[in-house]
Amino acid sequence: MGFLTGKTAIITGGGRAVLSDGRCGSIGYGIATAYAKEGANLVVTGRNMQKLEDAKKELEELYKIKVLALQADISAGADNEAVAADVVKQTMDAFGRIDVLINNAQASASGVTLEEHTTEQFNLALYSGLYAAFYYMKACYPHLKETKGAVINFASGAGLFGNFGQCAYAAAKEGIRGLSRVAATEWGKDGINVNVICPLAWTAQLENFEKAYPDAFKANVKMPPAGHYGDVETEIGRVCVQLASPDFKYMNGETLTLEGGMGLRP
């Protein structure tokens, strides 16, 4: 039994994606695997139901935990508050508690320069990332207050360093960082831990980015000093497990970068 046995985590963007070599290629699924190994029951959300069902099937078979797979899309023109509220309601109906919210989902038109970016492309990044974090945090707040839980949000070096061709993505990620710091200030008194991770992992999304926009990829994606990209489960997933531990409450409000083999670095 792991130390998260009996607890429940919501992971947005938790579907199973695969790299060209067949290895797991999504941060959300890497996190889900790390949590499953510690005994947590999971709620994985996303737009692609097949990827969610693939995650559910594998995680339940391998780790004997329960997984609720829910199709949910925070997007322009949708009743997004209702979408997030429905995910939370189904989570509570299924498991009776929420201990961790991990806002991992993010879509964007990376590689498109600022002057070429359309409003639709800008909204894609803002809604799938920033607005999704906002609505899920609001919906989960009363339940996280009850469990003295944790929120783990994802930002990016794109915002920290102003990456070429990533204006909407960077704007969404910097908005998430600001939102997280405010939540850490306001919710600290409730025992809720809020932190941000800026990871660099080799994912299916990054693999596709390299193929579609090789110039932007070369300009933005640098090999970490340790000589490898972060592993979605054993490094990024395990960091998310650590941040759900009471021992990490003192890190409330921190932005943490995760580079291949480098661990946590405020």
Side-chain angles (χ1 to χ4, degrees), residues 1-19 22-74 84 87-88 90-92 94-95 97-107 128-129 132-133 136-137 140 143-144 147 149-154 193 195-197 199-207 229-245 248 256 258:
M1 291 178 64
F3 83 90
L4 294 176
T5 297
K7 295 189 176 183
T8 304
I10 297 174
I11 305 171
T12 71
R16 187 179 187 275
V18 181
L19 293 167
R23 291 181 296 127
C24 178
S26 74
I27 291 176
Y29 189 71
I31 297 168
T33 301
Y35 270 70
K37 287 182 175 180
E38 291 295 340
N41 293 316
L42 303 172
V43 179
V44 292
T45 76
R47 294 181 293 180
N48 187 316
M49 198 62 203
Q50 185 59 58
K51 290 181 179 180
L52 296 172
E53 289 293 347
D54 289 345
K56 172 183 171 67
K57 182 175 184 294
E58 187 168 283
L59 291 169
E60 288 188 335
E61 287 180 355
L62 289 176
Y63 307 111
K64 312 307 177 188
I65 48 98
K66 296 294 184 183
V67 180
L68 180 63
L70 299 175
Q71 188 172 43
D73 184 17
I74 303 294
V87 169
V88 169
Q90 292 194 59
T91 301
M92 293 301 295
F95 300 117
R97 61 185 295 145
I98 298 171
D99 298 273
V100 187
L101 168 65
I102 302 173
N103 285 305
N104 163 71
Q106 177 72 66
S128 64
Y136 278 112
M137 287 168 71
C140 287
H143 308 293
L144 293 169
T147 59
V151 177
I152 302 167
N153 291 334
F154 278 75
N193 199 36
N195 286 292
V196 177
I197 297 174
L200 180 56
W202 191 252
T203 64
Q205 189 174 24
L206 195 59
E207 192 173 66
Y229 297 99
D231 183 273
V232 294
E233 179 205 334
T234 60
E235 293 179 311
I236 295 168
R238 293 305 304 178
V239 166
C240 290
V241 167
Q242 286 178 307
L243 291 176
S245 167
F248 275 75
L256 308 162
L258 179 66

N103: partners by side chain to side chain donor-acceptor pair (under 3.5 Å), with sequence neighbours left out
N153
What are the two closest heavy atoms between Q50 and N48, and how far apart are they?
N-OD1, 3.0 Å
Please identify each residue that fulfils side chain to side chain contact (heavy atoms under 4.5 Å, CB included) with A72, with sequence neighbours left out.
T45, V83, V87, Y136
Minimum heavy-atom separation for V88 and C140, please, with both atom names.
CG2-SG, 3.7 Å
Could you tell me whether the side chain of L144 reaches within less than 4.5 Å of the side chain of I98, counting heavy atoms only?
yes
Measuring from Y29:OH to L42:CG, what's the distance to the nearest 0.5 Å?
10.0 Å
Please list, chain by chain and in numerical order, all residues satisfying side chain to side chain donor-acceptor pair (under 3.5 Å) with S128, sequence neighbours excluded.
Q106
Salt bridge (Lys or Arg N to Asp or Glu O under 4.0 Å) partners for E207, two or more places apart
none
For A105, which residues count as a side chain to side chain contact (heavy atoms under 4.5 Å, CB included) partner, sequence neighbours excluded?
T12
Residues two or more places apart in sequence or in another chain: which of them pass side chain to side chain contact (heavy atoms under 4.5 Å, CB included) with M49?
L52, E53, A69, Q71
Rounding to 0.5 Å, atoms CD1 (I10) and CG (N41) come to a distance of 12.0 Å
List the residues meeting salt bridge (Lys or Arg N to Asp or Glu O under 4.0 Å) with D54, not counting sequence neighbours, and say none if there are none.
none
Indicate yes or no for a side-chain donor-acceptor contact from S26 to the backbone of G13 under 3.5 Å, with no hydrogens or angles considered.
no
Could you work out, with salt bridge (Lys or Arg N to Asp or Glu O under 4.0 Å) as the rule, every residue matching K56, not counting sequence neighbours?
E60
Could you walk me through whether L59 and T33 pass side-chain contact (heavy atoms from CB on, under 4.5 Å), step by step?
CA-CA 7 Å; L59 291 169; T33 301; 3.8 Å; yes
Only counting residues at least two apart or in another chain, list the ones meeting side chain to side chain contact (heavy atoms under 4.5 Å, CB included) with I152.
Y35, V100, I102, F154, I197, C240, L243
State the CD-CG distance between Q90 and L70, to the nearest 0.5 angstrom.
4.5 Å
Just jot down the side chain to side chain donor-acceptor pair (under 3.5 Å) partners of T147, sequence neighbours excluded, or say none.
none
When rounded to the nearest 0.5 angstrom, what distance separates NZ in K7 from CZ in F95?
15.5 Å
Sequence neighbours excluded, which residues qualify as salt bridge (Lys or Arg N to Asp or Glu O under 4.0 Å) partners of K66?
none
Nearest non-hydrogen partners of R47 and A107, listed with the distance:
NH2-CB, 3.6 Å
Sequence-distant partners of R97, side chain to side chain donor-acceptor pair (under 3.5 Å), two or more places apart
D99
Shortest non-hydrogen pair, V232 vs A201, comes out as CG1-CB, 4.0 Å
How close do I11 and G28 get, counting heavy atoms only, and between which atoms?
CG2-O, 3.9 Å
Hey, which of T5, I65, L4 is the one that makes side-chain contact (heavy atoms from CB on, under 4.5 Å) with E38?
L4
